[in-house]
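Reading through the structure tokens given below for one structure.
Note that this is a predicted model, so its numbers are computed, not measured.
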Amino acid sequence: MLINHDTRCALDAVVDLLNSSPGDPQELQGFVERHGISGIGVLREEDLQAVLAVRENFAQVFDAEATPAAAELLNALIAGAGTTPRLTDHDGYDWHMHYFAPGASVAEHLAADGGMALAYLLVAGERERLRRCAAPDCGRAFVDLSRNRSRRYCDGRTCGNRLHVAAYRARRREAAD
């Protein structure tokens, strides 16, 4: 599956937002800086609450039982963000699409760009790539961008490796008994 740079960045921001929960405007500012979200002024408590609402909407999309339910959620999210597609070449980047209106809040920015990135996966018939970690004590969100859609863990070096080591040790104990 071919995903352009902007869509990948938006998907990464969605996943990071789902797997974290900014607790105050300062933590939200760190999230904004980590993801290079431009045009955002001073963040306030209202911005934090709006972003947490967008986060909940993204979680519902990931956890939707079927594509029609996910599409309905995304349609509402994108419409609520006041989506305004436009071409831009800011900050030294080549021409690319922004889906949020100029002057949009951080929540509108995330809802528009993240919503469109998730919508792209639905349109491509790739909703099953939106996953939760299979580790019993994890449940973190991730987008499976592997060629054969076989990724099961949010991070193979932590969750995946931990479960494989536990299974190996259980087999060794069973063989010793």
Quiz item: Would L11 and L121 satisfy side chain to side chain contact (heavy atoms under 4.5 Å, CB included), going step by step from the backbone distance to the final call?
Solution: CA-CA 10 Å; L11 290 171; L121 290 178; 4.0 Å; yes
Practice problem: Determine whether L87 and M97 make a side-chain contact, defined as any pair of heavy atoms from C-beta on separated by less than 4.5 Å. | Solution: yes
Self-check item: Heavy-atom pair with the smallest gap, counting every atom of V14 and G114
Solution: CG2-CA, 3.6 Å
Self-check item: I78 side chain near Y99 side chain, heavy-atom distance below 4.5 Å
Solution: no
Quiz item: Considering only heavy atoms from C-beta outward, does the side chain of L118 approach that of F62 to under 4.5 Å?
Solution: yes
Quiz prompt | Cluster link V61 to L145, ILVMFWY, side chain under 4.5 Å | solution = yes
Quiz item: More than 12 non-hydrogen atoms from neighbouring residues, nucleotides or ligands closer than 6.0 Å to CG on D94, yes or no?
Solution: no
Exercise. Looking only at non-hydrogen atoms, find the nearest pair between L18 and A141 and report the distance.
Key: CD1-CB, 3.8 Å
Practice problem: Establish, for the pair R86 and F100, whether the NZ or CZ atom is under 6.0 angstrom from the six-membered ring centre and no further than 45 degrees off its axis. | Solution: yes
Quiz item: Which value, rounded to the nearest 0.5 Å, describes the distance between L110 atom CG and I40 atom CD1?
Solution: 7.5 Å
Exercise. Answer yes or no: is there a side-chain heavy-atom contact under 4.5 Å between L122 and T67?
Key: yes
Self-check item: Under the side chain to side chain donor-acceptor pair (under 3.5 Å) test, residues paired with D6 that sit two or more places apart
Solution: none
Quiz prompt | Heavy-atom pair of closest approach, residues A112 and A81 | solution = N-CB, 3.8 Å
Exercise. Find the distance between CG (L43) and OG (S105) and round it off to the nearest 0.5 Å.
Key: 9.5 Å
Self-check item: Interatomic distance, R127 atom CZ to L74 atom CG [nearest 0.5 angstrom]
Solution: 10.0 Å
Quiz item: At their closest point, which heavy atom of V54 faces which heavy atom of A107, and how far apart are they?
Solution: CG2-O, 3.7 Å
Practice problem: Could you walk me through whether T88 and H96 pass side chain to side chain contact (heavy atoms under 4.5 Å, CB included), step by step? | Solution: CA-CA 6 Å; T88 184; H96 60 282; 3.5 Å; yes
Quiz item: Quick check: does any side chain N or O of R151 sit under 3.5 Å from a backbone N or O of Y153, one acting as donor and the other as acceptor?
Solution: yes
Quiz item: When rounded to the nearest 0.5 angstrom, what is the spacing between CG in D144 and CZ in R131?
Solution: 4.0 Å
Self-check item: Interatomic spacing from CZ in R152 to OG in S146 - rounded to 0.5 Å
Solution: 12.0 Å
Quiz item: Can you name the nearest heavy-atom pair linking H109 to A104, along with the distance?
Solution: N-CB, 4.4 Å
Practice problem: Over all heavy atoms of both residues, which pair between F31 and I37 is shortest? Give the atoms and the distance, please. | Solution: CE2-CD1, 4.0 Å
Practice problem: Nearest 0.5 Å please: distance from the CZ atom of F58 over to the CG atom of D63. | Solution: 13.5 Å
Self-check item: Heavy-atom donor-acceptor pair, R140 side chain to C133 backbone, under 3.5 Å
Solution: no
Quiz prompt | CD (E128) with more than 12 external heavy atoms under 6.0 Å | solution = yes
Quiz item: More than 12 non-hydrogen atoms from neighbouring residues, nucleotides or ligands closer than 6.0 Å to CZ on R149, yes or no?
Solution: yes
Quiz item: More than 12 non-hydrogen atoms from neighbouring residues, nucleotides or ligands closer than 6.0 Å to CD on E174, yes or no?
Solution: no
In residues 22-30, what donor-acceptor pairs under 3.5 Å come from side-chain atoms, sequence neighbours left out?
from : atom 1 : to  : atom 2 : distance (Å)
D24  : OD1    : Q26 : N      : 2.9
D24  : OD1    : E27 : N      : 2.8
E27  : OE1    : G23 : N      : 2.7
Q29  : NE2    : E33 : OE2    : 3.1

Quiz item: Quick check: are there more than 12 heavy atoms from other residues, nucleotides or ligands sitting under 6.0 Å from CZ of R34?
Solution: yes
Exercise. Indicate yes or no for a side-chain donor-acceptor contact from R55 to the backbone of N19 under 3.5 Å, with no hydrogens or angles considered.
Key: no
Self-check item: Expected output: side-chain D113 to main-chain H98 donor-acceptor under 3.5 Å
Solution: no
